[in-house]
Amino acid sequence: MNSKQGGIMHTFINGIKVFFKGNPSAQPIVFIHGFPFDHTLWDDVIEQRKDDYYCIGYDIRGFGGSEVGHGQYTMESYVDDLEAVILQLGLKEVILCGFSMGGYIALRANERLQNFKALILANTTTTCDNDEAKLKRAKAIDNIEQEGVKPFLDNFFTAAFTQNYRQEHQDKIALLREKILAFNPLGIKGALLAMISRTDTTRSLEQAPPTLLIGASHDTIIAPKTMKDLASKIKNSHYVELQNSGHVSMLEKPEEFVEALKSFLIMHHLKENKR
Ligand code: MLT
């Protein structure tokens, strides 16, 4: 059953809280947030695109309003959830938009399901963790178990946002921090497990649909060069680098992010009603 929350329709599909805005007969775009956020990461972007597209966001299992369950997640289980959302909503020829961990999900979904109309990948990569990164995540799981999420989150925010953004948007950062600290730590640790065990999706780029890659000049988690290199591996790709932005580019540079998305969709004639 659909319900309204803050003016946004939502429903539950297999324990996943799904939100939609826009005209259901328009081209669907499914937005997948990154770690350790929730669907609201896309609020600004969806608000500005909802008149032309059917915008669907959801909370990845373990985050926001979605169920946490056993917490033993993999990229496969995240893709299962995404597939269930797409099937149950009856979405066809979907455009997937994934940020960071949401990009890992989008890339594996594209490799596994191969029926997407276009991909929008922000601040993400196809490669899996090297040993150093795996050990760092294992340590983070242990630290969260011992000390709770707060110290981990403080370090994460320092890496994920530029100093400028943190200083100029202290209220937004405080709200985000408060929201994430209210999530069940099991979901956060489960996401770290899923990222440790993810596979390399680089080869699937040979078969990728038209793809927009958005990097950020000051991203210290996924270097912009990584995104640029990905673009060179995709036949039909477009790379945009947002200047003076850290990792969470749709929050640090919302207007530029939306502009990149808009131009890409227009360039590829992805605006028509499709259903
Ligand atoms: C994210 O923003 O989703 C994560 O930082 C990705 C990662 O840690 O690899």
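These values consider heavy atoms only, across backbone and side chains, with no hydrogens, waters or symmetry-generated copies. Whatever order the structure lists ligands and atoms in, that order sets their numbers, starting from 1.
- A centroid separation of less than 6.0 Å is found between the aromatic rings of Phe99 and His247.
- Applying the 4.0 Å criterion to heavy atoms of Ser100 picks out, from ligand 1, the atoms 1 (C), 2 (O), 3 (O), 4 (C), 5 (O), 6 (C).
- Shortest contact from atom 5 (O) of ligand 1 to any protein heavy atom: Phe156 CE1, 3.4 Å.
- Tyr104 OH, 2.5 Å is the protein heavy atom nearest to atom 9 (O) of ligand 1.
- Residue Met101 has at least one heavy-atom neighbour below 4.0 Å for each of these atoms of ligand 1: 1 (C), 3 (O).
- The aromatic rings of Tyr165 and His169 sit parallel to each other, their planes meeting at less than 30°, with 60° as the upper class boundary.
- The aromatic rings of Phe37 and Phe157 sit parallel, their planes meeting at an angle under 30°, below the 60° perpendicular limit.
- His33 does not count as a contact of ligand 1, since none of its heavy atoms falls under 4.0 Å from the ligand.
- Judged by the shortest distance from any of its heavy atoms, Phe37 lies outside the 4.0 Å radius around the atoms of ligand 1.
- Close contacts of ligand 1 with Gly34, meaning ligand atoms under 4.0 Å from a residue heavy atom, involve 3 (O).
- Nearest non-hydrogen protein atom to atom 8 (O) of ligand 1 is Arg137 NH1, 2.9 Å.
- Within 6.0 Å of the CD atom in Gln243, the count of heavy atoms belonging to other residues, nucleotides or ligands exceeds 12.
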